[in-house]
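Following: one structure in structure tokens, then a few remarks.
Scope of the values below: all heavy atoms of this structure, side chains included, with no hydrogens, waters or symmetry mates. A quick note: this is a predicted structure, and the numbers were derived from the prediction, not measured.
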Amino acid sequence: MSPGIGASAFLEDHMLNPCPYCGDQMSNARRKQCGKPICKKAFNAERMREWQRNYKAKHGQWYTRVRHGEAQRAYDRRRYVERGSSRKLYPAAAVAADARRRMRMEQARTSEVFSPLDVHTRDGWTCRLCQRPIDPQVAWPDPMSVSVDHIVPLSKGGLHAMINVQSAHLGCNSRKGDRLADEAGSMAAVIKL
């Protein structure tokens with residue numbers, strides 16, 4: 001502030017510019033907009049439109065069409081021709097994935113609503129995979145924390161129902177994965193703590 005000019009006179013001189021987007025007075029004469037989020041967005045959009053117009057005037061076409069349009073479409077076509085559709089390359093996997101998706105959708109409509117606490121209370125807070133007690137005070141992600149295991153995994157067509165779930169330690173459940181007891185031989189062989 002120059003000597004001899006009061007603060008109010010200084011502010012008056014510099015607050016005369018209104019924001020071109022909302023009309024509010026701006027505190028800085030060098031600003032192009034007041035700084036509100038909506039005004040910043042409008043300013044940036046206007047600046048980008050101006051840049052695009054200049055680019056088109058200089059090059060004869062829009063920037064995005066040159067940079068991304070036809071080249072990206074050509075790349076996608078070339079890649080599809082070279083590799084083919086994953087559904088055509090792996091038809092058995094595609095059929096299996098479709099069947100799994102249909103099963104999940106059906107289970108979502110017919111699944112039973114229950115609380116994990118109901119499962120743990122029913123099982124007496126005992127891991128049904130290793131037969132050791134489960135401490136409810138141990139927090140996730142500790143391997144000895146509590147989790148609910150599906151006896152017949154959902155990926156193998158099992159239901160999300162009380163008859164198909166059991167209490168398990170998180171580590172035991174993770175080691176079991178999506179296997180059945182008969183697939184792994186004995187669960188004692190799978191669960192090694």
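Taking every heavy atom of both residues into account, Cys130 and His169 meet most closely at SG-ND1, 3.4 Å. Taking both residues in full, the closest heavy atoms of Asn164 and Leu159 are given as ND2-O, 2.7 Å, listed atom of the first, atom of the second, then distance. Here the shortest heavy-atom pairing between Thr126 and Ser167 reads O-CB, 3.6 Å. Scanning both residues, Leu180 and Ile151, for their nearest heavy atoms gives CD2-O, 3.6 Å. Taking each heavy atom of Lys40 and Gly35 in turn, the nearest pair found is CE-O, 3.3 Å.
Hydrophobic side-chain contacts under 4.5 Å tie Val81 to no other Ile, Leu, Val, Met, Phe, Trp or Tyr residue. Hydrophobic clustering, defined by side-chain heavy atoms of Ile, Leu, Val, Met, Phe, Trp and Tyr closer than 4.5 Å, groups Leu117 together with Trp125, Ile134, Val146.
Listed by first then second residue, pairs satisfying salt bridge (Lys or Arg N to Asp or Glu O under 4.0 Å) with a partner in residues 121-131 read Asp123-Arg128, not counting sequence neighbours. Screening residues 74-93 for salt bridge (Lys or Arg N to Asp or Glu O under 4.0 Å) gives Glu70-Arg77, Arg87-Asp98 as the qualifying pairs, with residues at least two apart or on separate chains. For the ring pair (Phe, Tyr, Trp, His ring centres under 6.0 Å) condition, the pairs that include at least one residue of residues 126-158, sequence neighbours left out, are His150-His160. Residue pairs that meet the ring pair (Phe, Tyr, Trp, His ring centres under 6.0 Å) test with at least one member in residues 17-50, sequence neighbours left out, do not exist here. Under the salt bridge (Lys or Arg N to Asp or Glu O under 4.0 Å) criterion, the residue pairs touching residues 138-149 are Asp149-Lys176, with sequence neighbours excluded.
Atom-to-atom distance recorded for Met26:CE and Cys19:SG is 6.0 Å, nearest 0.5 angstrom. Between the SG atom in Cys172 and the CD atom in Gln131 there is a gap of 9.5 Å [rounded to 0.5 Å]. In this structure, CD in Glu50 is found 9.5 Å from CZ in Arg47, a value given to the nearest 0.5 Å. Interatomic distance, CD of Gln33 versus SG of Cys22, reported as 9.0 Å (0.5 Å rounding). To the nearest 0.5 Å, the span separating NE2 on His120 from OG on Ser115 amounts to 7.5 Å. With rounding to the nearest 0.5 Å, the separation of NZ in Lys32 from CG in Asn17 is 10.0 Å.
Qualifying side-chain hydrogen bond (donor to acceptor under 3.5 Å, both in side chains) partners for Lys36, counting only residues two or more places apart in sequence or in other chains: Asp24. Residues satisfying the side-chain hydrogen bond (donor to acceptor under 3.5 Å, both in side chains) test with Ser145, not counting sequence neighbours, are none. Listed by chain and number, the residues in a side chain to side chain contact (heavy atoms under 4.5 Å, CB included) with Ala97 are Arg100 (sequence neighbours excluded). Under the side chain to side chain contact (heavy atoms under 4.5 Å, CB included) criterion, Asp135 pairs with Gln137, Val138, not counting sequence neighbours.
When atom types are taken as modelled, the side chain of Ser147 and the backbone of Ala168 share a donor-acceptor pair closer than 3.5 angstrom. The backbone N or O of Lys156 sits nowhere less than 3.5 Å from a side-chain atom of Asp178 that would complete a donor-acceptor pair.
Looking at Met48 and Gln52, their side chains come closer than 4.5 Å, going by heavy atoms from C-beta outward.
For Leu89, the CG atom is densely surrounded, since the number of other residues' heavy atoms within 6.0 Å is greater than 12.
Trp51 and Tyr55 have parallel rings, their planes meeting at less than 30° on a 0 to 90° scale where 60° marks the start of perpendicular.
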